[in-house]
Protein chains: 2
Amino acid sequence: MKLSQGVEWSVHCAVTLAQTSPGVSVSRRTLAERYDLPEAYLAKHLKAMVSAGLLHATTGPRGGFRLARASEEITMLDVVEAIDGSGPQFVCQEIRQRGTAALPPEQCRERCGVALALDSAAEAWRSSLRTVTIADIVARLPAGARAQLQA
Amino acid sequence: MKLSQGVEWSVHCAVTLAQTSPGVSVSRRTLAERYDLPEAYLAKHLKAMVSAGLLHATTGPRGGFRLARASEEITMLDVVEAIDGSGPQFVCQEIRQRGTAALPPEQCRERCGVALALDSAAEAWRSSLRTVTIADIVARLPAGARAQLQA
DNA sequence: GCACATCTACTCGGATAGAGAATGTCCGAGTCTCTGGGG
DNA sequence: CCCCAGAGACTCGGACATTCTCTATCCGAGTAGATGTGC
C-alpha cells in the first residue's frame with residue numbers, strides 16, 4: 001500500500017502549470033529543472049497525465065504541456081489515478097467459496113464482509129482526495145512561491 | 001496503490017480463529033485447506049501477524065495459531081498493517097526545496113500542501129479500517145458459515 | 001495398574017528462488033520557428 | 001520592404017534496461033503427545 005513516487009512530482013508539475021498564463025506551455029525540460037527531477041522519467045508521468053486527459057501536449061519549439069482544463073476542475077484524485085492507475089485497490093478472490101469450508105453460492109448473494117470493509121476504506125480515501133483540487137493547492141502556496149513563477 | 005493479496009487471506013484466517021473455542025489452536029495446514037490456499041505462502045503472512053502481536057503461535061502436535069487478544073480488539077487496520085506494512089504510504093521528498101524554483105527554508109515551515117492532502121486521505125483510509133473489527137465481520141457472517149466451523 | 005524414558009510425528013520459523021511492477025534511460029517522429037534569398 | 005522556401009532546433013512519444021517488491025517454495029529447529037517398558 002505504498003503510493004508511487006511519481007504522484008508527488010506530477011501534482012507539483014500540475015501546480016506549476018496552473019500558475020502559467022492561459023495558452024502558454026511549459027516544456028518537460030523546464031519542469032524537470034524546476035524541481036531537479038530526472039527529465040526522461042518525468043516524461044513518462046507527464047505522458048500518463050496526457051493520456052488521462054488532464055494535460056494537453058504541444059510539440060515543437062515553444063511547445064510543452066498545459067492543463068487541459070481549469071485547475072479548479074482537476075482534483076488530487078484525478079492525478080493520483082492517472083499516475084498510479086485507476087483500477088480498484090482490492091479485488092475480492094471470493095475465497096469463502098473455496099476449500100473445505102466453501103459456502104454454497106446461495107449464501108454468497110451479499111458481498112463478503114471483508115471486501116465490504118476494504119472497499120469502504122478505499123472509497124473514503126478517494127473521497128478525501130476528491131475534495132482537494134489543484135487550485136486549492138495553489139491558493140495555499142506561500143506568497144513567495146507564486147512570485148517566483150512570474151520570472 | 002494496490003493492496004497486497006495476502007491481506008484478504010489473513011483477515012479470513014483471523015475470522016476463522018475468532019470462531020474457535022478459547023485456548024484451541026488451528027494449524028496453518030488446516031487454515032490453508034479451509035480456503036484452498038498455498039500453505040507455504042500463507043505461513044509467511046501468519047508469521048507477520050504473530051510478529052505484529054495479533055496472533056499467538058504454538059508448536060508441536062495440537063499446536064497452531066490462535067488470536068492473541070479478543071476479536072473485538074483486533075481491527076481491520078491492525079491486520080492490514082501487519083501484512084502490508086505499517087509505514088506511511090507517502091513520504092514527501094520536499095521537491096519544493098530543490099531545483100531552480102527552490103523555496104528558502106523559512107517559507108517551508110508549514111507542511112507542503114500536496115503532502116497534507118495525501119496524508120489526510122491516508123488517514124481517512126486508516127480511520128475507516130479502524131472502525132471495523134474482526135468481531136464485526138464474524139457478526140455479519142451468514143448463519144451457515146458459523147455452523148460449519150463447529151464441525 | 002501406574003510412572004517414566006524414549007520416540008515419533010507434528011508444528012512453526014527462517015533462508016532461498018522466481019515473477020511482475022515500478023523505476024530509470026535512450027533514441028526516433030513530428031512540428032514550429034528562424035533565417036536567408038528572391039521578388 | 002515584403003513574401004516564401006528551406007534548414008535547423010526543439011518538442012513529445014514509444015521502445016528498451018535495471019532495480020525492487022511481492023509472490024511462492026523448501027527444509028531445518030523445536031515441542032507436545034503417544035508409546036512401550038519396567039516396577
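Quick note on labels: first sequence line is chain A, next is B, and so on, each numbered from 1.
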Query raised in the report: Roughly how many Å is it from CG in Asp84(B) to C1' in dT21(D), rounded to a whole number?
Result: 11 Å
Report summary line: Side-chain contact check for Arg28(B): nearest option of dC12(C), dA32(D), dC12(D) is dC12(C)
**Report entry** Minimum-distance nucleotide (side-chain atoms of Trp9(B) versus dT33(C), dT31(D), dA24(D))
**Finding:** dA24(D)
Query raised in the report: Quick one: Arg29(B) CZ to dT25(D) C1', roughly how many Å, whole number?
Result: 16 Å
Requested in this report: Among the candidates dT25(D), dT23(C), dT23(D), find the nucleotide nearest to the side-chain atoms of Ser4(A).
Outcome: dT23(C)
Report summary line: Leu55(B) CG to dG13(C) P, in whole Å, measures 10 Å
Report summary line: Of Lys44(B) and Gly60(A), the one whose nearest nucleotide on DNA chain C sits closer to the 5' end is Lys44(B)
Report task. Consider the side chain of Ala40(A), meaning its heavy atoms from C-beta on, and name the nucleotide among dG13(D), dC26(C), dT31(D) that approaches it most closely. Result -> dC26(C)
Query raised in the report: Can you find a side chain N or O atom of Tyr41(B) that sits less than 4.0 Å from OP1 or OP2 on dT23(D)?
Result: yes
**Report entry** Closest listed nucleotide, where the reference is the side chain of Arg62(A) and the choices are dG33(D), dC12(D), dT33(C)
**Finding:** dT33(C)
Requested in this report: To the nearest Å, give me how far apart CD (Glu39(B)) and P (dC27(D)) are.
Outcome: 13 Å
**Report entry** Contact nearer the 5' end of DNA chain C, comparing Thr58(B) with Leu3(A)
**Finding:** Thr58(B)
Query raised in the report: According to a strict under-4.0 Å criterion, is Ser27(B) in side-chain N/O contact with OP1 or OP2 of dT11(C)?
Result: yes
Requested in this report: Return the value, rounded to whole Å, for the distance between atom CD1 of Ile83(B) and atom P of dC22(D).
Outcome: 12 Å
Query raised in the report: Quick one: do Arg69(B) and Asp78(B) make a salt bridge, cutoff under 4.0 Å?
Result: yes
Query raised in the report: Which nucleotide in the list dT25(D), dC12(D), dT31(D) gets nearest to the side chain of Thr59(A)?
Result: dC12(D)
Report summary line: To the nearest angstrom, the CG-P distance between Leu46(B) and dT25(D) comes to 15 Å
Query raised in the report: Will you find, in the side chains of Arg34(B) and Thr16(B), an N or O donor that is under 3.5 Å from an N or O acceptor?
Result: yes
Requested in this report: Would you kindly compare Lys2(A) and Ala43(A) by the position of their nearest DNA chain D nucleotide and give the one closer to the 5′ end?
Outcome: Ala43(A)
Query raised in the report: Once you round it to whole Å, what is the distance between C1' of dG14(C) and NZ of Lys47(B)?
Result: 7 Å
Query raised in the report: Charged N to carboxylate O under 4.0 angstrom, Arg98(A) versus Glu94(A)?
Result: no
Report task. Select base, sugar-phosphate, or nothing to describe what Pro61(A) touches, counting heavy atoms under 4.0 Å on all strands. Result -> base
Requested in this report: Using a strict 4.0 Å threshold on nitrogen-to-oxygen distance, state whether Glu81(B) and Arg130(B) make a salt bridge.
Outcome: no
Requested in this report: Answer yes when Arg111(B) and Asp119(B) have at least one side-chain N-carboxylate O distance shorter than 4.0 Å, and no when they do not.
Outcome: yes
Query raised in the report: Atom CE of Met49(A) to atom P of dC12(D): distance rounded to whole Å?
Result: 12 Å
